[in-house]
Amino acid sequence: MAKPSTVFVCTSCGSQTRQFFGRCSGCGSWNTLVEQKAAPAADNRRRRPVVEPVEGAGSGQPRRSEPIQAVGERPLQRLSSGYGELDRVLGGGLVPGSLVLVGGDPGIGKSTLLLQSACSMAGRASVLYVSAEESAQQVKLRWRRLAQSGLGDPAGDPEVGADFQLLAETDLELVLQELEALRPAVAIIDSIQALHDAELGSAPGSVAQVRDCAAALARIAKRQDTALLLVGHVTKEGALAGPKVLEHLVDAVLTFEGDRFASHRLLRAVKNRFGATHELGVFEMRDRGLAEVTNPSELFLGGDEPSAGTATIVACEGTRPLVVELQALVSTTSYASPRRSATGIAANRLHQILAVLEKHLGLPLSRFDCYLAVAGGLEVEEPAADLGVAAAVVASYRDLTLPPGTVLVGELGLGGQLRPVGQLELRLQEAARLGFTRAVVPKGSGLAKAAAGLGLQLLEAGGVAEALVAALGVNPADDRA
Ligand code: TYD
Ligand code: MG
């Protein structure tokens, strides 16, 4: 009987079946099976003998276990990417031999970011840039543009990048050969989905291809201590395209995101074996490349005169405090059920805060539409923003303006109590640095002295009602209820 020439491969876990199912039997996800040409017996071929890096063991020796105390230590020498914002997200720079996956929507600026850092690193280390998506001419044009602006190359001299090799190639075999021949300190693959292993039957970007190409690159990078930066695409749903194994294979996964309509871009670490996750790097896309934003709070502040329905919070992204403005609009509803819309904050969170305000302050918010937006297109996930949301909503409902220079930080419990939040001192420092003078925070922070030293008036409250009275100066639950 002839063997079927196609198989169905799960795009999530990579498992294969001969038959189509709505649900993958490997990982249980729905609608993830795609049809693919069956690969030739892949196990029979071996590209090259796999020589794993073995420290201390002589070549040809079988590897043995050893006491952990006896394992040789090498000081971790990180290579700066030339951009402080990128270095922080990486955990302090690029680690030799590490694999970093940079994901993001098309056109967000992944190629620009990596080309800029490549230019900057080329002055200090050898760099190979593999462009599998754009031609060498296109990359050259961009390189010249960036170098001229002084953004791509902090030295501002286009000739500095002497140790910068460019390879426009999609064939995996040729890329591997070049990597072995050059042994660069840093290699950039733009993008992993565009690479193609001719020995596999499937199309570029398919699960088998991505997995195979990444594994082959990883082996070689670890062997010769090349730091590898892989560009990865994201799917419609926002997940990294390709099999999950890719995320397990690499040491760090960074995502580059941003609002298409705004110029700033946020870089985050979702996974990092060499540093903390949740660190945030902020860039701004200019006409001549990406510029670092070292003072992002100014980006997320409205900058206008305070108006009714705005409140300012201090969010924390990793170790980085960000002062962010929230805006709320509360108006009588003309619908059977009121409209609620939240941009930059989870809608569920807004519903919960509205319910707490209705219950504990007696505000009839269920008869009002409520819209909430975070300035600058930032996504705030932390519950520490709750009090700020409540203050913005109440201020809009009562047409009140919060006294200028006020920030609010605190998580709301369902019982109307104010819960403490982490890294409060860091948040207060950032608020003080930006000229804020009053901070409404949960009770028991123990930071009264520190705040006074920063020139901040600290208003502590145990519950949401108390906090809003302190912030607004009037009791929002009075009259008109
Ligand atoms: P790019 O790095 O090609 O995105 P990705 O690799 O993530 O797909 O960036 C493309 C966008 O960036 C494109 O829409 C143009 C814009 N851009 C600028 O605004 N200024 C610049 O200097 C450069 C190089 C790109
Ligand atoms: Mg690109």
Side-chain angles (χ1 to χ4, degrees), residues 81-83 85-86 89-90 100-122 127-158 161 164 166-170 175 186-196 204-205 209-210 213-214 217 228-242 246 250 252-270 281-293 299 376-377:
S81 67
Y83 292 88
E85 295 292 302
L86 175 56
V89 176
L90 285 170
V100 180
L101 181 64
V102 182
D105 284 331
I108 207 75
K110 301 179 294 296
S111 305
T112 310
L113 176 72
L114 293 182
L115 186 62
Q116 283 185 222
S117 357
C119 290
S120 163
M121 286 186 287
V127 178
L128 170 67
Y129 188 100
V130 180
S131 173
E133 288 186 353
E134 290 170 86
S135 70
Q137 276 306 312
Q138 284 174 303
V139 180
K140 173 81 194 258
L141 269 176
R142 187 186 302 206
W143 174 76
R144 181 142 312 272
R145 201 147 70 103
L146 295 173
Q148 277 166 355
S149 70
L151 282 172
D153 191 340
D157 178 3
F164 186 177
L166 175 64
L167 173 69
E169 185 53 67
T170 57
V175 172
V186 182
I188 293 166
I189 312 290
D190 187 2
S191 66
I192 186 73
Q193 274 92 1
L195 274 196
H196 177 73
Q209 285 283 359
V210 170
C213 291
L217 287 165
L228 207 58
L229 290 154
L230 307 174
V231 173
H233 290 207
V234 293
T235 59
K236 283 200 294 290
E237 292 80 32
L240 276 158
L246 193 56
V250 299
V253 180
L254 311 187
T255 60
F256 203 38
E257 53 199 54
D259 194 336
R260 274 182 168 279
F261 307 106
S263 60
H264 63 267
R265 303 279 183 265
L266 306 176
L267 186 70
R268 287 172 207 272
V270 199
V282 186
F283 292 87
E284 190 184 344
M285 183 60 98
R286 305 228 179 114
D287 55 347
R288 281 171 181 266
L290 287 159
E292 292 183 276
V293 179
L299 201 67

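Order of appearance sets the numbers: ligands from 1, and atoms from 1 within every ligand.
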(message) Using only atom types and a distance under 3.5 Å, with no angle test, would you say the side chain of Gln209 pairs donor to acceptor with the backbone of His196?
(response) no
(request) Anything protein N/O/S under 2.8 Å from the Mg ion (ligand 2)? Just list residue and atom, please. (result) Ser111 OG
(request) Starting from atom 6 (O) of ligand 1, find the nearest protein heavy-atom neighbour and note its residue, name and distance. (result) Ser111 OG, 2.6 Å
(message) Using heavy atoms and a 4.0 Å limit, tell me yes or no: is Arg286 in contact with ligand 1?
(response) yes
(request) Looking only at protein heavy atoms, identify the closest one to atom 24 (C) of ligand 1 and say how far it is in Å. (result) Arg145 NH2, 3.5 Å
(message) Rounded at 0.5 Å granularity, tell me how far CE in Met121 sits from CG in Leu229.
(response) 6.0 Å
(message) How far is atom 11 (C) of ligand 1 from the closest protein heavy atom, and which atom is that?
(response) Gly107 O, 3.4 Å
(request) Would you check if Ser117 and Leu86 make a side-chain contact, meaning some heavy-atom pair closer than 4.5 Å? (result) yes
(request) Write down the atom of Val139, the atom of Glu134, and the distance for their closest heavy-atom approach. (result) CG2-CB, 4.1 Å
(message) What I'd like to find out is whether the side chain of Ile192 reaches to under 4.5 Å of the side chain of Cys213, using heavy atoms alone.
(response) yes
(message) If you take the nearest heavy atom of each of Ile108, Val102, Thr112, Asp190, which one is closest to atom 2 (O) of ligand 1?
(response) Thr112
(request) Find all atoms of ligand 1 within a distance of less than 4.0 Å from any non-hydrogen atom belonging to Asp287, and give their numbers and elements. (result) 20 (N), 21 (C), 22 (O)
(request) Could you tell me the residue and atom name of the protein heavy atom closest to atom 12 (O) of ligand 1, and the distance to it rounded to 0.1 Å? (result) Met285 CE, 3.1 Å
(request) Can you sort out which atoms of ligand 1 are near Arg288, meaning under 4.0 Å from one of its heavy atoms? (result) 22 (O)
(message) Between Val210 and Gln193, is there a side-chain heavy-atom distance shorter than 4.5 Å?
(response) yes
(request) Check whether any side-chain heavy atom of Glu257 lies under 4.5 Å from a side-chain heavy atom of Ile108, and answer yes or no. (result) no
(message) So if I count the atoms of ligand 1 from 1 in the order they appear, which ones are less than 4.0 Å from some heavy atom of Pro106?
(response) 8 (O)
(request) Report yes if some N/O of Glu134 lies less than 3.5 Å from some N/O of ligand 1; otherwise report no. (result) no
(message) Return the closest protein heavy atom for atom 4 (O) of ligand 1 as residue, atom name and distance.
(response) Gly109 N, 3.1 Å
(message) Just so I know, are the side chains of Phe256 and Leu114 near enough to count as touching, which here means a heavy-atom distance under 4.5 Å?
(response) no
(request) Could you grab the distance from atom OG of Ser111 to atom OH of Tyr129, nearest 0.5 Å is fine? (result) 4.5 Å
(message) Within this structure, what is the CG-NZ distance for the pair Asp190 and Lys110, rounded to the nearest 0.5 Å?
(response) 7.5 Å
(request) Give a yes/no verdict on whether any heavy atom in Gly289 is under 4.0 Å from an atom of ligand 1. (result) yes
(request) Look up atom 15 (C) of ligand 1 and tell me if a protein heavy atom lies less than 4.0 Å from it? (result) no
(request) Determine whether Leu113 and Arg265 make a side-chain contact, defined as any pair of heavy atoms from C-beta on separated by less than 4.5 Å. (result) no
(message) For a 4.5 angstrom cut-off between non-hydrogen side-chain atoms, does Val293 reach Glu85?
(response) no
